[in-house]
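Just so we're on the same page: letters track the sequence lines, and every chain starts at 1.
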Protein chains: 2
Amino acid sequence: MDRKHIGNLIRIARKMTGLSQMKLAEEIGVSYQQVQKYETGVSEISISRLSQIAQALNMPVSGFIFDKEKTMVCESPGFYGALSDDEIELLKHFRSLKNKKVKEGLLTAVKGIAGLQGKRPKKKTKPRSIRQREGETRVS
Amino acid sequence: MDRKHIGNLIRIARKMTGLSQMKLAEEIGVSYQQVQKYETGVSEISISRLSQIAQALNMPVSGFIFDKEKTMVCESPGFYGALSDDEIELLKHFRSLKNKKVKEGLLTAVKGIAGLQGKRPKKKTKPRSIRQREGETRVS
DNA sequence: TATTATTTACCACTTTTAGTTGTAATTGTC
DNA sequence: GACAATTACAACTAAAAGTGGTAAATAATA
């Protein structure tokens, strides 16, 4: 994810909409020379700036972002950005609990249940601290 | 698209994966104080940095980006922004559950517990399906 | 409970870089 | 050719990234 590439995308998008560096610049509130640096990859672009640019060019921010192997954007259970319905429900009801002790207890209960899996019932193993989630689509 | 919000997302994601500020910091090659600034919204985060962070946390970059009003999946804006440590923990362990049936059962259990409160123990009432929570900030 | 170690928060300071201005080179159009 | 845009690339300034030190919480252990 390098600056040069993003800069290129910006430049292309800008030309597509028929804006000059100058026009875009004053829309996002910087000098046009600065826009130049964005496009050529000299300056690093912050998220908020990119957001402004995307808005000025009528494009989604995600249009400039690319995860490696962009296939997993929709799936990804191991990513909180998209909470599943189950998880939302869980959270919702957990939140409704007014008694702090109950919440606390419930949490440890869930922890306990979660800690159960992967443990072989036969052999007595040392408690594994935190398990790495397995069977998950790795992002990197 | 403000820094504070993105910072929150990062913090939550970090805790979900069980990393300390320090660990994350050395993974992306900055001081942990700097990570702090990212999370609290003091420092602006560049795209490349966000990319590094996302990678370190095994998440797609797009998980931290949100186009306006297209606030991914979950309806309520600022939903994750306000996840407490407890809730993060809860979610984390709930996610670790591989068995679908178990998750399902656990969810109904939590629902049941949540449904308990507000019920008068004295009178034997007909099972009220789902109770409406009172005086609570609605989630959905 | 006291104690120690870990994690996190806040402080003043340094260094990097975003962002500016100025000027020159390009690319039109008349 | 001249004139007006758009773009490029310098040198400089202002601002924010990034660092280190220290204190305050927050586990973890005896």
How about [X] and [Y]: do any of their side-chain heavy atoms sit closer than 4.5 Å?
| X | Y | result |
| --- | --- | --- |
| B:S48 | A:E44 | yes |
| B:I65 | A:L50 | no |
| A:I28 | A:V35 | yes |
| A:R11 | A:Q21 | yes |
| B:T17 | B:N58 | no |

Nearest whole angstrom, please: distance from the [atom2] of [N] to the [atom1] of [X].
| X | N | atom1 | atom2 | value |
| --- | --- | --- | --- | --- |
| A:I47 | D:dA17 | CD1 | C1' | 15 Å |
| B:L24 | C:dT7 | CG | P | 13 Å |
| B:E39 | C:dA9 | CD | C1' | 11 Å |
| B:L19 | C:dT7 | CG | P | 10 Å |
| B:I53 | D:dA17 | CD1 | C1' | 13 Å |
| B:E26 | D:dT19 | CD | C1' | 16 Å |
| A:Q36 | D:dA11 | CD | P | 16 Å |

For A:N8, which residues count as a side-chain contact (heavy atoms from CB on, under 4.5 Å) partner, sequence neighbours excluded? none
Are A:R14 and A:E39 ion-paired here, with the side-chain N under 4.0 Å from a carboxylate O? yes
If only side-chain N and O atoms of A:R11 are considered, is one of them under 4.0 Å from the OP1 or OP2 phosphate oxygen of D:dT6? no
Please check the phosphate of D:dA8 (OP1 and OP2 only) for any side-chain N or O of A:Q21 closer than 4.0 Å. yes
Which letter, B, S or -, goes with each nucleotide of nucleotides 13-30 of chain C from 5' to 3', with contact meaning a protein heavy atom under 4.0 Å? -----SBBBBB-------
Five pairs per end, C1' atoms only: what is the angle between the end axes of the helix from C:dT1-D:dA30 to C:dC30-D:dG1, to 10 degrees? 40°
Which distance, rounded to the nearest 0.5 Å, do you find between the CE of B:M16 and the NE2 of B:H93? 11.0 Å
Are B:I53 and B:L19 co-members of a hydrophobic cluster defined by side-chain heavy atoms under 4.5 Å apart? yes
